[in-house]
Asks: 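Got a structure for you, written out below as C-alpha cells; questions coming shortly.
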Amino acid sequence: MRHFPPFSNTNQPTLTKLIISLIHSSKTTPQLHQIHAQIILHSLSHNAPLITQLISSSSLLRSLDYAAALFRRFPNPNSFVFNAFIRALSDNAHFNSAISHLAHMLRRGARPDRLTFPFVLRSVAALGEAGLGGVVHGLVVKVGVEMDLFVRVCLVDMYVKVGCLVGALQVFDESPERVKVGSVILWNVLINGCCRGGELGRAVAMFEAMPERSSGSWNVLIHGFLRVGDLGWARRFFDRMPREMKNVVTWTTMISGFSQNEDHEQGLGLFRRMLEEGVRPNDHTIVSALSACASIGALRTGVWIHEYISKKGLRLSRIVGTALVDMYAKCGKIDSASQVFEEVREKNLLTWTVMISGWATNGCSDLALQCFEDMRNSGIQPDDVVFLAILTACSHSGMVKEGLRLFNSMRFDHAIEPNVKHYASMVDLFGRAGQLEEALNFIENIPIKPDFVVWGALFCACRAHKNIQMAELASEKLLQLEPTHPGSYIFLSNIYAAVGRWEDVERVRLKMKSKSIEKPPGWSYIEVDGQVHRFLAGDKTHQRSREIFTKLEELTVRASAEGYNPDTKWVLHNIEEEEKEDALGSHSEKLALAFGIMSTPNGTPIMIVKNLRVCGDCHSLMKYVSMARDGLEHNFARVIVETDSVALKHLIQQDLARSMHRPSTALIKDFKELDMGCGKGINVRTFGQISLLPEFSYIANTCIHA
DNA sequence: CTAGGGTTAG
C-alpha cells in the first residue's frame with residue numbers, strides 16, 4: 001500500500017467508506033498502522049466509525065495492545081467505539097476489563113445498546129459470575145433492550161454458562177411467541193443449557209417441541225449425549241439426522257465425542273465415513289482424528305491423515321501441526337514428530353510442550369532438555385505443564401541434580417507454584433535414583449497433602465531398591481488414601497512377594513478378597529491394515545477366533561521350547577483367574593498379538609494393550625513381543641501398553657525405559673530374555689512414557705528394529 | 001443519516 005488514492009477531492013462520507021473497506025481488507029497490523037497514519041494525515045482521527053473499525057480489526061489480528069491504544073487516544077468515545085473495544089476485550093479473554101468498561105461507559109455518558117450487552121454477557125458467562133449476571137440483566141431491562149433477540153440469546157446463554165438453568169428457562173419463557181417461533185437459535189441455546197445442566201430428558205423434549213430444526217439443534221443435542229457418555233443415544237440421533245443436515249461440526253462432534261469416551265476406533269471409523277460422504281474436514285476434525293490415533297497408537301491411520309493433509313495442500317496450521325507432533329510422539333515415531341515440529345511455524349507453548357514431553361517419554365532426555373532451552377531462547381515463558389514434562393525427563397534418566405535445579409528455578413525464576421504432580425515427580429526423581437531418604441524427607445516437607453500418586457512413587461522406588469520398611473509405610477498411606485483401589489493391595493503384596501514373605505502375600509490377598517475388590521479386566525487392541533481389533537481375555541467373539549487360538553497355541557509351544565517360563569514372583573496371585581487365563585492361554589494381549597502375526601506376515605503389527613492391571617502381564621507381554629518379531633520377516637513389532645495402574649507404570653518404566661538409558665549395564669531380567677530372543681544384528685530399542693497423573697493414560701512403546 | 005452480531009466441535 002504505497003499509494004493512497006487521491007483523497008483531496010473526495011467528499012468525507014465517501015472517503016470514510018473507502019478507508020473502512022481498506023481496513024477490512026487488511027491482513028496484518030502494520031497495514032493497519034499505515035492506514036492509521038493516513039487517517040491522521042487527513043485529520044480524520046476523531047472520526048468514530050474509522051476508529052471503531054480500526055479497533056475491531058486490530059482485535060481480530062490479535063493486537064489488543066494497539067486496540068487499547070486507539071481506544072485511549074480517542075477523546076470522547078461514543079457507544080460505537082465503546083462497543084468495539086468491549087468486544088475486543090471479550091474476544092481476547094479480558095473478561096473483567098470488558099465488564100468494567102460497561103461501568104466506564106455509563107460514567108462517561110455513552111449509552112449502552114443492544115450491541116453492548118452481548119459481549120458483556122459473554123464475559124460474565126466466561127467468568128461464571130452468576131451475581132454479576134443478574135446485575136447486567138437488570139441493566140439490560142433498564143436500558144430497554146431486553147426484547148432484542150441478540151441480547152436474549154446472550155442472556156439465555158449467560159444463565160446457562162453460569163449454571164443457572166432456571167434463569168435461562170425464565171428468559172426463554174418470557175420471550176414473545178413470535179420470537180420463539182422465528183428463532184431456532186434461541187431454542188438451540190436453551191437445549192444446550194439443558195444438556196449442560198444434565199437435564200437430557202428436558203433437552204430432548206424441547207428438541208422435539210421446537211417449530212423447526214437446523215443443523216445446530218441436532219449438533220447441540222448429540223453433543224449433549226456425548227458429553228454425558230451416552231454414545232447410544234448420540235448415535236441414534238445422529239442416524240436420525242437427515243444426511244444434508246450433517247455438516248463438519250456434526251461429524252467432528254461425533255468423532256471427538258466417541259474418542260473422548262474411549263471409543264477411538266469408532267471415532268476413526270466416523271472420520272473415514274465422513275470423507276466418503278464428501279464432507280470436507282477442517283482443523284477441528286483433523287485434530288480430533290489425530291488425537292484418536294495418538295490414544296490407540298494407530299500410527300498407520302495417523303500417517304494416512306498426515307498424507308491427506310499434504311495431498312489436499314492444506315496449510316499445516318499450528319494446531320494441526322501440534323496434534324501431528326503429539327500423534328507421532330505417542331505412537332513412538334519420535335523422528336517424524338521432530339520433523340513435523342520443525343515444519344510448524346509460529347510454535348506456541350503447547351507445540352513446545354508436546355515436543356518436549358515427546359522427547360522425554362521416548363527416552364531422549366537430553367533432547368528434551370535441549371528443546372526446553374530452545375523454547376526459552378525463542379522467548380516463550382514456560383508454565384507448570386512444561387515443567388512437569390521436563391522433570392519427567394530428568395527422573396527417567398537419573399538426572400537428580402538437574403531435576404532439582406529445574407524444580408527450584410520453576411519456583412524462584414518463574415514464580416510457578418508447584419502442584420501435587422510436580423511433587424510426585426520429584427519423589428520419583430529421588431526414588432528412582434535410590435535416594436529413598438531424600439524422597440521421604442521431601443514428602444514430609446511439601447506444603448500440600450501428598451496424594452496417592454506421591455506415595456505410589458515412593459512405594460515403587462522402595463520396591464525397586466528393596467526397602468521393605470519404607471515400602472510398608474508407603475503402602476499403609478496408600479491403603480488409607482484409596483481403600484478400594486486394587487493397586488493398594490497389589491503394591492503391598494508385591495513387596496512381600498519380593499522378599500519371599502508368602503504368608504503375608506496370602507494375607508493381603510485374602511483381605512482384598514474379603515472386601516471383594518477385583519481388578520477390572522484388561523483389554524488389548526491391535527491395528528491390522530489400518531483397522532483396529534479389540535480383545536478381552538479369553539475372548540471368542542472375534543470372527544476368526546478359531547484361527548487365532550490355533551496360532552496362539554503354536555506360539556505358546558514355541559515359547560516354551562525356547563525356555564519361556566513366566567516369572568510370577570511379582571504378581572498378585574488371583575489364582576482362579578490366572579489359572580483360567582493360563583489354561584486358555586488367552587490373555588488379551590496374546591490374542592491380539594496372535595491375530596496380528598497371522599494377519600500381517602509381512603507387515604507391522606502394532607499392538608496396544610489397554611487398561612493393563614496385573615504386573616505379570618508385562619513380563620509375558622515382552623516375551624510375546626520378541627515372538628512377534630520372530631514371526632515377522634521384517635523383524636519389527638510395536639507394542640503400546642496403556643494402563644492406569646501406578647504399579648505397572650513404574651514396573652514397565654523401570655524394566656523398559658530405564659534399560660534404554662543404560663543399555664550396557666544391569667539389563668533387567670525381562671530384557672535379557674528379550675535380547676536373547678532377538679538374536680544377532682537386532683537392535684533392541686525401548687522407550688516408555690510415564691505420566692504420574694492418574695487421569696493421563698500411560699503408553700510404553702517397544703520397538704524392535706532390524 | 002452511519003459502522004458492529006448470537007448457538008453447536010473442550
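Small disclaimer: the values here were computed from a predicted structure and weren't measured.
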Asks: When you measure from every atom of DNA chain B, which of residues 280-290 of chain A have a heavy atom less than 4.0 Å away?
Replies: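 Only Asn282(A), His284(A) qualify.
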Asks: Does Phe238(A) have its ring centroid less than 6.0 Å away from the ring centroid of Trp218(A)?
Replies: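 So the answer is no for these two rings.
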Asks: How would you list, by chain and number, every residue that makes a side-chain hydrogen bond (donor to acceptor under 3.5 Å, both in side chains) with Ser175(A), sequence neighbours excluded?
Replies: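 side-chain hydrogen bond (donor to acceptor under 3.5 Å, both in side chains) check on Ser175(A) returns Arg152(A).
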Asks: Rounded to the nearest 0.5 Å, how far apart are CE of Met105(A) and CG of Asp113(A)?
Replies: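 The CE atom of Met105(A) sits 6.0 Å away from the CG atom of Asp113(A).
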Asks: Going by side chain to side chain donor-acceptor pair (under 3.5 Å), name the pairs with one or both residues in residues 121-137 of chain A, residues two or more places apart or in two chains.
Replies: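 Checked against side chain to side chain donor-acceptor pair (under 3.5 Å) - neighbours excluded - the pairs reaching residues 121-137 of chain A are Asp91(A)-Arg122(A), His137(A)-Tyr159(A).
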Asks: Starting from P on dA9(B), measure out to CG on Asn261(A) and report it in whole angstrom.
Replies: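 Value for this atom pair: 14 Å.
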Asks: What's the CZ-P distance between Phe207(A) and dT8(B), to the nearest Å?
Replies: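 My rounded result for the distance is 16 Å.
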Asks: Spell out, as yes or no, whether a donor-acceptor pair under 3.5 Å connects the side chain of Asp451(A) to the backbone of Val453(A).
Replies: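 Such a contact is found between Asp451(A) side chain and Val453(A) backbone.
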Asks: In whole angstrom, what separates Arg196(A)'s CZ from dA9(B)'s C1'?
Replies: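 About 12 Å, once rounded to whole Å.
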Asks: Taking only side-chain nitrogens and oxygens of His223(A), does any of them come within less than 4.0 Å of OP1 or OP2 of dT8(B)?
Replies: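 Negative; the distance criterion is not met.
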Asks: Any non-hydrogen side-chain atom of Asn247(A) less than 4.5 Å from a side-chain atom of Val279(A)?
Replies: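 Counting from C-beta outward, Asn247(A) and Val279(A) never come under 4.5 Å.
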Asks: With heavy-atom distances below 4.5 Å as the criterion, would you say the side chains of Leu132(A) and Val162(A) are in contact?
Replies: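 Leu132(A) vs Val162(A): side chains apart.
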Asks: Rounded to the Å, how far apart are Gln260(A) CD and dA9(B) C1'?
Replies: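 About 9 Å, once rounded to whole Å.
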Asks: Nucleotide by nucleotide, 5' to 3', does protein get under 4.0 Å of the base (B), only the sugar-phosphate (S), or neither (-) in nucleotides 1-7 of chain B, counting heavy atoms?
Replies: -BBBBBB
Asks: What is the distance from CG of Leu350(A) to C1' of dG10(B), rounded to the nearest Å?
Replies: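 My rounded result for the distance is 13 Å.
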Asks: Could you note down all residue pairs passing salt bridge (charged side-chain N to carboxylate O under 4.0 Å, His left out) where residues 317-327 of chain A supplies at least one of them, sequence neighbours left out?
Replies: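 As it turns out, the salt bridge (charged side-chain N to carboxylate O under 4.0 Å, His left out) pairs with a partner in residues 317-327 of chain A, which skip direct neighbours, are Asp326(A)-Lys330(A).
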Asks: Among all residues two or more places apart in sequence or in another chain, which pass the side chain to side chain contact (heavy atoms under 4.5 Å, CB included) test with Val385(A)?
Replies: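 Listed in chain order: Thr353(A), Asp383(A).
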Asks: I want to check one thing: is the phosphate of dT8(B), taken as OP1 and OP2, less than 4.0 Å away from some side-chain N or O of Ser215(A)?
Replies: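 No.
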Asks: Can you tell me the distance, in whole Å, between the CG atom of Leu270(A) and the C1' atom of dA9(B)?
Replies: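 It is 14 Å, rounded to the nearest whole Å.
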